[in-house]
Amino acid sequence: MNLPKVYEPSKYEADIYALWEKSQAFQPRKAGKSFSVVVPPPNANANLHIGFALTMTLQDIAVRYHRLKGESVLFVPGADHAGFETQAVYEKHLAKEGKSRFDFTREELYKRIWDFVALNRKNFEDQFRSLGGSVDWTRFTFTLDEKVVNRAYATFKKMWDEGLIYRGERLVNYCTFHGTAFADIEVEYKEDRGQLWQLRYPLTDGNGEIIVATTRPETMLGDTAVAVHADDPRYSDFHGKTVTLPLVGREIPIITDTEFVDPAFGTGAVKITPAHDPNDFALGERHALPLITVIDYDGKMNAEVPAEYRGMTVEEARKQIVKDLEEQGYLVKVEDYTHNVGHCYKCGTVIQPLLRDQWFVDMQPLAKPALKALEADKITFYPEAKKEQLINYLKNLRDWNISRQNAWGIPIPAFQNVNNRDDWIYDERVDQEIIEVDGEIYRRDSDVFDTWFSSSSWPYVTLGYPDNEDFKQFYPLSLMETGGEILYPWVSRMIMLGLYVTGEIPFTSVYIHGYVMAEDGSKMSKSIGNVINAPEVIEQYGADALRMGIIAGRAAAVNRGYDPRKVEDARNFANKLWNIARYIESKTNGTAQRGRVEPETDADHWILSKLQQTADSVAADLEIYRFAEAYDRVYHFVWDDFADWYLEASKAQENIPLLTRTLQHILTITHPFAPFVTETIWQTLKWDDETSLAATSLWPVIKPGDAERANAFEKVKQLVGEIRTAMKNIGLSTGVIEYRPASAISDNAEIIKRMAKLSDLTEVEVSDGLKLTGSSLDAWLAIDADTAKEYLEALQKKLQSEQTAFERLKARLTNKRYIDNAPEAVVAQTKQQLAETEARLASIQNEIARFFPNN
RNA sequence: GGGCGAUUAGCUCAGCUGGCUAGAGCGCUUCGUUUACACCGAAGAUGUCGGGGGUUCGAAUCCCUCAUCGCCCACCA
């Protein structure tokens, strides 16, 4: 025997992956139905985490399955520059050297991050390899590759020309620490325990006052109005009057608004700061209020405020202003108040709504076709509910701010006339800061695109839209597999941009996976220290074990804890396969059988039928991405049917060619789940064609065995099981079985003897032994009455359960409405069950009467 | 506030369009070293399918309701 007893994944995995690469196993076939997947590009800078292992595994199972089906399969790898994310990582890196991004020009910073990312490139690619990702490396795409950048420019240009791009001064979610704006969706809201201050604003005419409530008193310096509800009787006399803003002395109007002001909240009067609050901004637009910015991009109070507050941080200013208001008698009261406050998801800094000139995309013209496509079910979602969620999102979509203030990104190809702020032109010469056009001087926009703007073209840009053959053959993609957190920011935009740019949906199905939580179901987090280290798991258990363990029992979009027991179980499964192969190798001396493969025994017919059922149902499951169910079927077929029964039976009745061929098929259907161990075995055993790979073998198309003969083996299994149970109950380690002539038994005598550990199996006409009542065959355990009594308890238990079953079935069949309403097939089935139950019941009663007449 | 999901064996979870006596892995009990495998084999125990109501011949599965726990979205000063 050449193979070691225990499968050691780490000895084989790297070589196996290298073999696949060398063999170009992951290139699409020249012919066949197309199946295409493009990896949602992971952050080029990230280390292999368990979530990536999950998404990679799910995609790879689908991809490998379709490849085995003989289709022309394209699986494109990629990496994301992940603009802000990566810059944040690099900044931490710089901080260790005592530097910050402000020590460099934008170009220098870009170049340094580029080199930093390039350093990690090999490490990054090896993460795909270590998991067995069957991607085509020749098509690797990075989100800063020329084709991606050019596509972003072309799309921006198209939108520009068609009037979908506009520049506007809007409130953006600004992180004063990172110095950049975020999309709404990137802001993390957290409950903050703060205070609600009530402030007294005196009427300018001296006749009274109005009390407003606020959680951010420092913004009062930028107030430009006070709003009350038009129908609020408390304030009807105030309409059209003005108040004098304390500390500032500015005279501001009292306005009425019915949309925004809730009379029931606070005092029913709201101070309006259009430059620092989104709701106030919207109200300010409706009432043409002036915008007064008082907080700068560095998070400090600016020159617009009274001198004593200038240069203070927001927190400092808040304290001082509250103190001053109190001293001057403007503070009415303070109460504790818990509310949600936006934070930077990276550094936790409170997000400031600040005014900034930004590029916006008008989303309505993009959302409408996407909605239409979704409503027409052009894209299948797994799970289905995600489609509705996306529709809801698209219906309420707001315009998209695509400007970001990072260095690490794609510069926006827009230039501003230095002499005319409103004169913007589109130009791709972004490597220059100043350009001249028609005698006018233009300065480059210092911003870069939101990462999602460029990555939303991922499905077609990776395929070389518009002219590449890949695009023509593989677009739209067959599957987009991703996590729920990017359903809105990415999936929705890929659909919108795909339709906008190519006129077609970018993919025909979307699979959303749930998150891998920590073992106790909580979120994994580095600071808590409950993060699973994927490379360690691979090192210890093998990539196959991680792949199978992580998908086992996992449904689409359901969060689940990482379960080390499932990984261990999967490792055991890989080892089981390995030992099956060792046994078969010992039978074939390491050379694959080339003889005729024909079923001869009942077991042969049975295993062929089981194999056919399994291959078909696994395929059916994988077609609709039911990964866990498919894995479960393979696992139980291999372990329970093949190893425990067929292989054991083959020790008594050999059909080595069929045994070997079945193993070969098993390797193929197991391959999507456990690519490494199946390929390792495949290579070790050498099939007919020495150059062949499990990875490019073909999904078995099996002619099922003869139904009657397969059924005979089912009876054998049933009989062996009952003999084992009976002997165990009585405490026998071996026994003799007598049976009335039946081919199912005589044809399989050696198997039965071996598997039930019998010393003898004899044909008789009648026996006074203990009847095996569960079997439709007439067989008796040859024991005397005293020994049989050991079995009384078990018999009585069986009697009980058969009795219950009998009565339930009987009741069902005497129910006229059941007979009338249930489908015929179901009724027929019930009738058969009743007959069988009745027979077993009679048999048990008979045995009890025979051996235990007093019971 | 709105939306979505979950609640099934001691643990982690399957159970698709309603139909065999509700399953898996781990754990547990008992037995076993037959030359593929102790990362093994054999036999077994454990469930009022969260509570209540409804539809149906029939409900873990469909509907309503309550409870508990999650997630997403919005965010009222």
Side-chain angles (χ1 to χ4, degrees), chain A residues 1 3 5-7 184-185 189 196 212-216 219 227 260-262 264-273 277-280 337 339-342 383 385-386 388-389 392-393 396 484-485 487-488 514-515 519 521 541 545 549 552-555 557-566 568-587 621 624 626 628-629 632 635-636 643-644 647-648 651 721 724-725 727-729 731 733 754-757 801-802 804-805 808-809 812 815-823 825-827 829-830 832-833 837:
Chain A
M1 186 144 328
L3 305 175
K5 263 188 162 183
V6 172
Y7 172 61
D184 293 339
I185 213 160
Y189 286 89
L196 187 65
V212 298
T214 181
T215 55
R216 303 189 57 199
T219 62
F260 170 55
V261 181
D262 174 8
F265 188 91
T267 59
V270 194
K271 61 187 271 309
I272 302 299
T273 323
D277 182 281
N279 287 303
D280 294 5
Y337 185 69
H339 61 146
N340 285 322
V341 177
K386 294 290 166 188
E388 284 308 316
Q389 286 182 30
N392 261 325
Y393 172 75
N396 301 309
E485 81 280 9
L487 180 66
Y488 297 154
Y515 306 126
E519 281 179 48
Y541 293 103
R554 189 178 279 276
V558 177
N559 297 343
R560 266 268 308 286
Y562 171 80
D563 189 346
R565 294 172 308 187
K566 286 202 156 53
E568 199 168 315
D569 182 44
R571 186 270 317 261
N572 295 350
F573 179 57
N575 192 57
K576 188 76 183 178
L577 270 176
W578 182 252
N579 276 291
I580 289 168
R582 285 180 69 226
Y583 174 76
I584 293 176
E585 190 214 20
S586 74
K587 289 287 170 187
D621 280 337
I624 53 172
R626 297 166 66 89
E629 291 82 349
D632 193 62
Y635 177 99
H636 287 289
D644 289 347
L647 193 145
E648 289 303 323
K651 290 175 181 172
R724 283 168 171 171
T725 308
M727 294 204 314
K728 182 94 173 178
N729 271 305
S733 59
R754 186 186 168 89
M755 296 191 75
K757 293 188 196 168
S801 76
E802 294 288 1
T804 317
R808 187 179 37 246
L809 291 168
R812 197 177 295 170
N815 181 344
K816 188 175 177 304
R817 287 193 294 182
Y818 172 72
I819 304 288
D820 291 347
N821 291 312
V826 173
V827 176
Q829 196 182 21
T830 309
Q832 197 193 331
Q833 282 164 0
T837 308

Worksheet item: Which nucleotides of nucleotides 67-72 of chain B have their base under 4.0 Å from a protein heavy atom (B), which only their sugar-phosphate (S), and which neither (-), written as one string 5' to 3'?
Response: -----S
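- As judged by a 4.0 angstrom heavy-atom cut-off over every strand, T725(A) is placed among residues touching the sugar-phosphate backbone only.
- Within the 3.5 Å criterion, the main-chain N or O of R817(A) finds a donor-acceptor partner in the side chain of N821(A).
- Using a cut-off of 4.0 Å between Lys/Arg side-chain N and Asp/Glu carboxylate O, K816(A) and D820(A) are scored as salt-bridged.
- Taking only side-chain atoms of L809(A), from C-beta outward, the nucleotide of U21(B), A36(B), C57(B) with the closest atom is U21(B).
- No engagement by I819(A) is indicated, since no non-hydrogen atom pair under 4.0 Å with the nucleic acid exists.
- Across all strands, G549(A) comes closer than 4.0 Å to no nucleic acid atom at all (heavy-atom distances).
- Salt bridge status for K651(A) with E648(A): present, with a side-chain N to carboxylate O gap under 4.0 Å.
- With hydrogens and angles disregarded, a donor-acceptor distance shorter than 3.5 Å links the side chain of R724(A) to the backbone of M755(A).
- Among the protein residues, A628(A) comes within range of no part of the nucleic acid, since none of its heavy atoms lies under 4.0 Å from any strand.
- Side-chain N or O atoms of N575(A) include none that pairs as donor or acceptor with a backbone N or O of V6(A) at under 3.5 Å.
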Produce the list of close N/O pairs, under 3.5 Å, pairing protein atoms with atoms of nucleotides 26-32 of chain B; give distances to one decimal.
| from | atom 1 | to | atom 2 | distance (Å) |
| --- | --- | --- | --- | --- |
| U30(B) | O2 | K728(A) | NZ | 3.1 |

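- At a threshold of 4.0 angstrom between heavy atoms, the contacts of A643(A) include nucleobase atoms, whether or not backbone atoms are also involved.
- Base pairing in RNA chain B yields stems of at least 3 consecutive Watson-Crick or G-U pairs, both distances under 3.5 Å, namely B:1-7 with B:67-73, B:10-13 with B:23-26, B:28-32 with B:40-44, B:50-54 with B:62-66.
- E629(A) comes within contact range of the sugar-phosphate backbone alone, with a heavy-atom separation under 4.0 Å but no base atom that close.
- Among the atoms of the strands shown, base atoms are found under 4.0 Å from some heavy atom of R571(A).
- Residue-level contact check: Y337(A) touches the backbone only, with heavy atoms under 4.0 Å from sugar-phosphate atoms and none from bases.
- If you check every strand for non-hydrogen atoms under 4.0 Å, N729(A) touches nothing.
- The residue R560(A) sits close only to the backbone: its heavy atoms come under 4.0 Å of sugar-phosphate atoms, none of a base.
- Listed nucleotides: C16(B), G19(B), U12(B). Nearest to the side chain of A822(A): G19(B).
- For the pair K576(A) and Y635(A), the cation does not sit on the ring face, since its NZ or CZ is not both under 6.0 Å from the ring centre and inside 45° of the axis.
- Remark: the backbone N or O of K5(A) is paired with a side-chain donor or acceptor of N579(A) at under 3.5 angstrom.
- Backbone-only contact: K5(A) has heavy atoms under 4.0 Å from sugar-phosphate atoms and none from a base.
- The separation of U61(B) from G5(B), taken at their P atoms, amounts to 15 Å, rounded to a whole angstrom.
- Among the atoms of the strands shown, base atoms are found under 4.0 Å from some heavy atom of K651(A).
- The listed nucleotides are A42(B), G15(B), C37(B); the one nearest the side chain of N579(A) is C37(B).
- For R812(A) and G19(B), the CZ to C1' distance is 7 Å, given to the nearest whole Å.
- Here D644(A) lies in heavy-atom contact (under 4.0 Å) with sugar-phosphate atoms only.
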